[in-house]
Protein chains: 2
Amino acid sequence: MTNKGQVLWWNNMLSEKLKQLRESNGLVQRQVAALLEVDTAYISKIENNEKPVSRIHLEKLSKLFNVGSEELLTLWLADKIFDLIKNEEFAAEAFKIAEERILKDKKN
Amino acid sequence: MTNKGQVLWWNNMLSEKLKQLRESNGLVQRQVAALLEVDTAYISKIENNEKPVSRIHLEKLSKLFNVGSEELLTLWLADKIFDLIKNEEFAAEAFKIAEERILKDKKN
DNA sequence: TTACATTTGACCAATAAAGGACAAGTCCTT
DNA sequence: AAGGACTTGTCCTTTATTGGTCAAATGTAA
């Protein structure tokens, strides 16, 4: 309802996590921006799901916030998966198929 | 082992399915190419997983082969999901997260 | 050997996405 | 009113992906 009517895309759970981490670490966007050597507007967009987060940035952020990079990486990937299938009618079925194939490939 | 050593990417199950459908319908690539109004090389690449299949083409193909478009669409999506996560370390976990979110969103 | 089917590699134009910067605006709080 | 924090829109450059083509190579059956 209060939604913009526009297509939101990217990282969603990740961006929320990043914002939460920043705040719980008592940092302001300016400080995070300094670490990544970018504009604060860029950080804002990342936290508001308007720009993707690169893996390079993700690494740096995981160090800054002192969380395991695998945690962020997992959210990053989950968001990408979600983004891929969110508008798809046959997502559930496709999910199952892809999952099976992943498992099969794992025991190569 | 007989693998090219190079990165294969895109649609995999879909491309195999398309090849199988073409053959079981007794068609040669030239005929399929004619329908899509493209070069046969392009068809070859699609069947060999070297080019993605657009949804437009998918529609036409489902009509040509007389299969439900949802079947092809599902494979198309499964391939995209697989492609996204195949090199990812935390795929399984990300999968679970995305799946939960899909389910949650479904009962909006 | 000829012919048809298929594959492969090189190439290319058009489009989309990533990765930003900057200016201006909003939203507090003081 | 001023300042800091954040957001938003516009713009830009660079890079990646799509959607092909063409020529040449390979496979294969008659």
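Here is the naming used below: chain letters follow the sequence lines, and residue numbers restart at 1 for every chain.
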**Q.** Whole angstrom value for the distance that separates C1' of dG20(C) from CD1 of Ile46(A)
**A.** 10 Å
Q | Ile43(A) CD1 to dC22(C) P, straight-line distance once rounded to whole Å | A | 15 Å
(Q) Nearest whole Å is fine: how far is dC6(D) P from Asn48(A) CG? (A) 11 Å
Q. Quick one: is dT7(D) close enough that its OP1 or OP2 comes under 4.0 Å of any side-chain N or O from Ser44(A)?
A. yes
Q: Starting from C1' on dT6(C), measure out to CG on Leu18(B) and report it in whole angstrom.
A: 16 Å
Q) Is any side-chain N or O of Arg30(A) closer than 4.0 Å to OP1 or OP2 of dG4(D)? A) no
Q.
Just the rounded figure in Å: distance from P of dG9(C) to CD of Glu50(B).
A. 8 Å
Q: Write down the distance between CG (Leu27(A)) and P (dG4(D)), rounded to a whole number of angstrom.
A: 18 Å
Q: Using a cut-off of strictly less than 4.0 Å, decide whether Gln29(B) has a side-chain nitrogen or oxygen near OP1 or OP2 of dT7(C).
A: yes
Q. Side chains of Asp79(A) and Arg101(B): closer than 4.5 Å at any heavy-atom pair?
A. yes
Q: State whether Arg22(B) places a side-chain N or O below 4.0 Å from either non-bridging phosphate oxygen (OP1 or OP2) of dT6(C).
A: yes
Are any protein N/O atoms closer than 3.5 Å to N/O atoms in nucleotides 28-30 of chain C? If there are, list each pair with its distance.
none

(Q) Which residue in the set Leu18(B), Leu14(B), Val53(B) passes side-chain contact (heavy atoms from CB on, under 4.5 Å) when paired with Leu75(B)? (A) Leu14(B)
Might you list the N or O atoms of the protein lying below 3.5 Å from N or O atoms in nucleotides 20-30 of chain D, with each pair's distance?
residue, atom, partner, partner atom, Å
dG20(D), OP2, His57(B), NE2, 2.9
dG20(D), N7, Lys51(B), NZ, 3.4
dG20(D), O6, Lys51(B), NZ, 3.3
dT21(D), OP2, Asp39(B), N, 2.6
dT21(D), O4, Lys45(B), NZ, 3.0

Q: Starting from C1' on dA18(C), measure out to CG on Leu58(A) and report it in whole angstrom.
A: 15 Å
Q. Does some side-chain heavy atom of Glu70(A) sit less than 4.5 Å from a side-chain heavy atom of Glu93(B)?
A. no
Q.
Between Glu89(B) and Arg55(A), does any side-chain N to carboxylate O distance fall below 4.0 Å?
A. no
Anything under 3.5 Å between a donor and an acceptor, one on a side chain of residues 35-42 of chain A, the other on a protein residue two or more places apart or in another chain? List them.
residue, atom, partner, partner atom, Å
Asp39(A), OD1, Ala41(A), N, 2.8

Q: Flag the pair Ser44(B) / Gln29(B) as yes when at least one side-chain heavy-atom distance between them is below 4.5 Å, and no otherwise.
A: yes
Q) Would you call Asn12(B) and Phe82(B) a side-chain contact if the rule is heavy atoms closer than 4.5 Å? A) no
Q. Taking C-beta and beyond as the side chain, do Leu21(A) and Leu72(A) meet within less than 4.5 Å on heavy atoms?
A. yes
Q: Taking the side chain as every heavy atom from C-beta outward, state whether Leu73(B) and Leu77(B) have any atom pair closer than 4.5 Å.
A: no
